[in-house]
Amino acid sequence: MPELPEVETVRQGVARWVAGRRIATVEVHHPRAIRRHLPGAEHFATVLVGRTVLDACRRGKYLWLPLDSGDAIVGHLGMSGQLLVQPAEAPDETHLRVRFTFDDDGPQLRFVDQRTFGGLAVSEGGAALPAEIAHIARDPMDPEFSDADFLAGLRRRRTEVKRALLDQTLISGVGNIYADEALWRARLHGARQTDTLTGPAVGRLLGHVRDVLGEAIKVGGTSFDALYVNVNGESGYFDRALNVYGREGLPCTRCGTPIRREPFMNRSSHSCPRCQPRPRVLGRRS
DNA sequence: CGTATTCCCTGGGGGC
DNA sequence: TGCCCCCAGGGAATAC
């Protein structure tokens, strides 16, 4: 389940292993993987062959690879997507969707995605920032992220704080897992109305969001090895560092109260009933 | 217009 | 053992 730390790990790997290389061939193995590229698979391949990848960049959970043509490859991993750097002789992955080869005959770049929520597209003239993702807010690790603007955005809204954390046009990179973890650290229930939060409380919440993302990025870096970019969210920190996510019924690491799981937008929210009491009346969900 | 819900997709796992 | 249904979840599209 790639959120900001996983996508950042992938970005670093692609920048290291793919930047500076010229694309030789492009194979689209599943049309759904490029459904956002409206001109279709043939155009996708044609426009990319011969182009040199200059870098790997990230906005929230989106990646883009600027090309020497001024265009960019835009990608989203969805929830099961991986970008792997693999030697040509490595057997095809079961869910291999797109393969790039390079004219240096070095390792291939492969987009692998079991559930095809993710995808790739070419953004015309998108090398600096693809127009397709211009609506995505900066992430809280970005030096240009504005805490004041975020606070103002929360104040303008009539919604719950967890919904706000997941709104990528307000703050990007945070998904269900890290939202739950940051709210636990901040001792806030996700159903708190955003306009009931004080400025200092929002500041503390942002601090916890940054802490949890930063800690995860550090561990995510270890999932690399010399030959391939691994986007394996389960390995590494997942089991060790989580305090609430996936821990229903297990004791809160702070107070020992069993962690609760509640339905939330067709998924789940995890929290400590004692550290994160439900808001009183306003904002209570039936 | 702003906010909330729906839908896309597949394999692992639990219940029966 | 096998089948069926639930579950995971980002974000665009749609509904309210």
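Proteins get letters first, then strands, A, B, ... in listed order; numbering begins at 1 in each. Just so you know, these numbers use all the heavy atoms, side chains as well, and skip hydrogens, waters and symmetry mates.
The local environment of CD in Glu124(A) is sparse, with at most 12 non-hydrogen atoms from other residues, nucleotides or ligands closer than 6.0 Å. Residue Arg155(A) qualifies as enclosed at atom CZ: its count of foreign heavy atoms under 6.0 Å is above 12.
Straight-line distance from the NE2 atom of His270(A) to the C1' atom of dA8(C): 11 Å, rounded to whole Å. Rounded to an integer number of Å, the gap from Leu166(A) CG to dG10(C) P is 7 Å. The distance from atom NZ of Lys162(A) to atom P of dT5(B) is 14 Å, rounded to the nearest whole Å. Atom P of nucleotide dG10(C) and atom CG of Asp113(A) are separated by 14 Å, given to the nearest angstrom. Rounded to whole angstrom, the span from the CD1 atom of Ile171(A) across to the P atom of dG10(C) amounts to 14 Å. Between the P atom of dT5(B) and the CZ atom of Phe264(A) lies a distance of 10 Å, rounded to the nearest Å. For the pair Arg36(A) CZ and dC9(B) C1', the computed distance is 13 Å after rounding to whole Å. Separating the CZ atom of Arg35(A) from the P atom of dC9(B) is a distance of 8 Å, rounded to the nearest angstrom.
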Short N/O separations, protein against nucleotides 1-3 of chain B, under 3.5 angstrom:
| residue | atom | partner | partner atom | Å |
| --- | --- | --- | --- | --- |
| dT3(B) | OP1 | Arg158(A) | N | 3.0 |

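In this model, the phosphate group of dT10(B) is not approached by any side-chain N or O of Arg97(A) to a distance below 4.0 Å at OP1 or OP2. Contact annotation: Ser268(A) side-chain N/O to dC7(C) OP1/OP2 distance is not under 4.0 Å. Phosphate contact (OP1/OP2 of dA12(C), side-chain N/O of Tyr62(A), threshold under 4.0 Å): present. Contact annotation: Gln114(A) side-chain N/O to dG11(B) OP1/OP2 distance is not under 4.0 Å. In this structure, His95(A) does not reach the dT10(B) phosphate: none of its side-chain N or O atoms is under 4.0 Å from OP1 or OP2.
Picking from dC9(B), dG11(B), dA8(C) the nucleotide with the shortest atom distance to the side chain of Arg32(A) gives dC9(B). Closest to the side chain of Gln168(A), from the set dG11(C), dA8(C), dG10(C), is dG11(C).
A side-chain donor-acceptor contact under 3.5 Å links Arg192(A) and Thr196(A).
Looking at residues two or more places apart in sequence or on another chain, you find a side-chain hydrogen bond (donor to acceptor under 3.5 Å, both in side chains) between Thr25(A) and Thr101(A).
Phe150(A) and Phe145(A) have tilted rings, their planes meeting at an angle from 30° to 60° on a 0 to 90° scale.
Residue whose closest nucleotide on DNA chain C sits further toward the 5' end, between Glu132(A) and Asn266(A): Asn266(A).
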task: Any chance you could lay out the salt bridge (charged side-chain N to carboxylate O under 4.0 Å, His left out) test for Arg51(A) and Asp71(A), step after step, and finish with the verdict?
output: CA-CA 9 Å; Arg51(A) 300 277 63 84; Asp71(A) 299 336; over 6 Å; no
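Annotation: cation-pi geometry satisfied between Arg21(A) and Phe102(A) (NZ/CZ under 6.0 angstrom from ring centroid, within 45° of ring axis). Cation-pi check for Arg254(A) over Trp184(A) is met; the charged atom lies under 6.0 angstrom from the ring centroid and within 45 degrees of its normal.
Just one residue in the list Arg99(A), Glu93(A), Gln108(A) forms a side chain to side chain donor-acceptor pair (under 3.5 Å) with Gln86(A), and that residue is Glu93(A).
Using a 4.0 Å cut-off between a side-chain N of Lys or Arg and a carboxylate O of Asp or Glu, Glu160(A) and Arg163(A) qualify as a salt bridge.
Of all the residues in residues 133-141 of chain A, not one reaches under 4.0 Å from DNA chain B with any non-hydrogen atom.
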